[in-house]
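Heads up: the structure comes next, in C-alpha cells.
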Amino acid sequence: MATSNIEIAQRAELWPITRIAEGLGIPDEELEPYGRYKAKVSLRHLRTLRERSRGRLVLMTAVSPTPAGEGKTTTTVGLGDALTRIGERAMICLREPALGPVFGMKGGAAGGGYAQVVPMEDINLHFTGDFSAIGIATNLLAALIDNHVHHGNALGIDVRRVTWRRVLDVNDRALRDAVIGLGGPSNGYPREDGFDIVVASEVMAIFCLATGLADLKDRLGEIVVAYTRDRTPIRARDLHAHGAMAAILRDALAPNLVQTLEHTPAFVHGGPFANIAHGCNSYLATDSALRMADYVVTEAGFGADLGAEKFVDILCRTTGLRPDVAVVVATVRAMKYHGGVEVADLPRENVAALQHGTANLLRHLETLRETWGIPTVVAVNHRAEDTDAETAALVAAAESVGVTAVVAKHFAQGSAGAEDLAREVVRLCDARAAEPEEAASALRFTYPDDASLWRKISAIATRIYGASEITASTAVRAQIKRLQDEGYGGYPVCVAKTQYSFSTDPKLRGAPTGHVVDIREVRLAAGARFVVMICGDIMTMPGLPAVPAANTIDVDDDGRIVGLF
C-alpha cells in the first residue's frame, strides 16, 4: 500500500523554525514562533529589506484543471527544493489552504508525496489564525453596518442596497442566501443577506495586495459596503470601521514562515481563490522572499487563463512585480481528459486523445509567451502509470512550438526528481538577464490601463479565453457604465468564472473558440481596487460534495490527525 501524503509528512524530520530563519538572516527578535516549526516574520524586519534588490521570480501555473489534479503546488515545492539542491538560494511562496476545500472535494493544499510544505496538518487546518482574522474583520464590518441602521441610520443607508456580505471558512450552500434581522425591532431591520467563503472576500484580496499596514488600513477604509437611496456610496471609513479591522488583521499581515520536507524556506500566506478573486499569495510575502533569496517560486491558482492572468493584470500591474520565467504544469492524465477521455478511462494509454488534448496546453503557452512575453517551460508532472509513448507525445507537443518540456518526478523522488526542471529554469532566467534591460524587464498586459471596463473584460475573453464576444443584460451593462462614470474605469478587471474551461461551461474541454462569455453580475471591490465580473455559473460560497473529504479526517487517541489528504 502506497504511503499517504500525511504519513510522509508526519515521518519527516523538521528543523526548528529558528534554524530556517537563521539561514535567511532573520534575527530571533524579529521572529514570532507558533510552536517549534512555524513562525511569523515581523513587519518591522520586512521594512528593513526594502533597500535590497529582488531575486528572480518564477511563476508556477498550469493547464486548465481536471478532476485528476495536476499537482501545481507539489511542483512548486519540488522546484524550490531542486533549486536548493543544485546550489541556488531559493524560497517558495504559497497560498494558505482554505478549510472549505480541505473538508470538501479538493482536500489539502500543502503539496504531495515527497514535495510538501510542513507541518502539513497545521498548514491545512488552523495554521496561525490568519483566515480567522480575515473572517472576523469581514463580519465585524457587516455587524457595524446593521448596527448603524438599527441606531438611527444617520448615513441614510438604503437597506435594499447593502452590498457587503458575511463570510465563513466552510463550504455551506445553505448560507448562500439568507434573511437576517428577524425577531422584532430589537434584532434590527429584516433584509436579505448571504455568506461567501472567506477566500472570496474582498478583505482577503486586500490582505494579499496590501504593501504594508498603512496601505492595508487605507484599502479597508475604501471598501464600499452600501448605497443611499440616491446611490451615494457608503464606505467602511464612513462607519469608522477600518481602524478596528486593521487592528484585527495586524498580526495576520506578517507572513508565515515554514519549511519543505527538504528544509527549503517557504512563506505560506494569504489565499484568495483564483476562480473568484485574484488567486495569489500575499504581495508582502512574495516581495520579502525576493529580497532574501536569489530564486522565488510562487504559484497562481488554477490554469494560466485565471491565476496567471490575474497575477499579470492585477498583481504585477499594481505592484511592479515581474516574473522572470513561467512554469506550466501539465500531466499525461490532464491532456487525455482534455482530449475527451473520461476519468475512469484515464489510466489506459491513449496517445491520440492526449495529442488532441494538448491544444489546451498550447493555448496557455501562447498566452504566456505571445500575449504577456514571459519565457516559459513545461513541467510534465510524472505519474507512475504514464507510458513512455504518452510522455513523449506530451513533450513533443510543447517542443513543436519551441518550448522545452521537462519530465519531473518530484512527487516520488523529491528534489532529485526535479533537478532537470531547476536547471532549465536557471537557464531561462540567465538568458532573460542577458537581454537588453528594456526587453528583460518588459511585461505586456492583456489590456491598457486606460481601456474602459467593457473593453478590458472583452480583451480577456477574446485574447485569453478564445471567445468570440461578451454579452450582458441591460441591467449589468448599466451597472458597468455607472462604475465607469463614477471613476472606477481605471481599475483592473477580475473575472470570476469556472476554472475547468477557457469558456464559462465547465464541460467544454480542450481549447474552445468562438464561445460567448456572458457577464452575469458585477461587483465593485473598491478596497482591492479591481472590479469583479462574475461570468457563468460560479459560486462565491461553494457546497460540499456527496462524500466530503471531512468524512475521512479523524484524530487518534494520541492526538495524531489521520485521513487528511
Side-chain angles (χ1 to χ4, degrees), residues 5 8-9 12 14-15 17 19-21 23-24 26 37-38 41 54-62 70-97 109-120 123 255-270 280-282 285-301 307 311 321 323-329 377-379 381-382 406 408-429:
N5 293 328
I8 292 171
L14 278 64
W15 288 354
I17 198 62
R19 181 175 176 183
I20 300 295
L24 294 170
I26 301 171
Y37 303 117
K38 57 187 187 289
V41 180
R54 287 172 173 159
R56 292 169 166 179
L57 180 59
V58 181
L59 174 63
M60 187 69 64
T61 184
E70 287 59 61
K72 186 164 73 288
T73 301
T74 302
T75 306
T76 299
V77 177
L79 175 57
D81 281 340
L83 286 165
T84 301
R85 183 183 182 91
I86 66 173
E88 304 294 346
R89 186 178 174 88
M91 284 189 71
I92 64 173
C93 289
L94 298 171
R95 293 167 296 162
E96 299 178 46
Y114 291 91
Q116 299 187 54
V117 283
V118 283
M120 181 260 236
I123 294 168
N256 307 303
L257 180 65
V258 290
Q259 63 191 288
T260 70
L261 291 174
E262 300 189 23
H263 314 301
T264 299
F267 276 145
V268 180
H269 194 224
C280 312
N281 66 276
S282 77
T286 300
D287 180 66
S288 301
L290 284 167
R291 300 177 193 279
M292 290 190 283
D294 296 326
Y295 286 87
V296 172
V297 187
T298 189
E299 69 172 3
F311 188 94
L321 289 177
D324 294 277
V325 170
V327 180
V328 179
V329 180
V377 58
V378 173
N381 188 12
H382 182 267
V406 180
K409 299 182 178 181
H410 44 280
F411 183 92
Q413 301 175 11
S415 63
E419 279 193 46
D420 290 344
L421 177 62
R423 292 192 179 94
E424 177 61 16
V425 165
V426 171
R427 186 190 72 80
L428 286 173
C429 285

Is any side-chain heavy atom of M292 less than 4.5 Å from a side-chain heavy atom of I26?
-> yes

What pair of heavy atoms forms the shortest contact from Y37 to P119, and how long is it?
-> O-CD, 3.7 Å

Does L94 reach the side chain of E299, with side-chain heavy atoms less than 4.5 Å apart?
-> yes

Determine, stepwise, if the pair V327 / L79 fulfils side-chain contact (heavy atoms from CB on, under 4.5 Å).
-> CA-CA 10 Å; V327 180; L79 175 57; 4.1 Å; yes

Might you point out which heavy atoms bring R89 and A293 nearest each other, and give the distance in Å?
-> O-CB, 3.6 Å

K409 NZ to S415 OG distance, which is reported to the nearest 0.5 Å = 15.0 Å

Closest non-hydrogen contact found for T298 with C93 is OG1-O, 3.2 Å

Can you name the ring-ring contact (aromatic ring centres under 6.0 Å, His included) partners of H269, sequence neighbours left out?
-> F207

Before accepting this row, confirm whether a basic side-chain N of the pair R291/D287 lies closer than 4.0 Å to the acidic partner's carboxylate O.
-> yes

Across all chains, not counting sequence neighbours, the salt bridge (charged side-chain N to carboxylate O under 4.0 Å, His left out) partners of K72 are none

For H263, all residues meeting ring-ring contact (aromatic ring centres under 6.0 Å, His included), sequence neighbours excluded | W15

Does a donor on one side chain and an acceptor on the other come within less than 3.5 Å for T264 and Q259?
-> no

Sub-3.5 Å donor-acceptor pair from the side chain of N281 to the main-chain atoms of G270, do we have one?
-> no

side-chain contact (heavy atoms from CB on, under 4.5 Å) between V118 and V258, intermediate numbers included | CA-CA 7 Å; V118 283; V258 290; over 6 Å; no

Say whether T74 and H410, considering side chains only, have a donor N or O and an acceptor N or O under 3.5 Å apart.
-> no

Among side-chain atoms of N256 and E96, is any donor-acceptor pair under 3.5 angstrom?
-> yes

With side chains defined as the heavy atoms from C-beta onward, is the minimum distance between T73 and M60 less than 4.5 Å?
-> no

Kindly say whether E70 contributes a backbone atom to a donor-acceptor pair with the side chain of N381 at under 3.5 angstrom?
-> yes

Closest heavy-atom pair, L261 versus A115, reported as atoms and distance to 0.1 Å, is CD1-N, 4.2 Å

Any idea which heavy atoms bring T75 and A379 closest together, and the distance?
-> CG2-CB, 4.0 Å

Drop me the distance from D81's CG to E262's CD, to the nearest 0.5 angstrom.
-> 4.0 Å

What's the shortest heavy-atom distance between P265 and I20, and which atoms?
-> CB-CG2, 3.7 Å

Taking 4.0 angstrom as the limit, do D294 and R56 come out as a salt bridge?
-> no

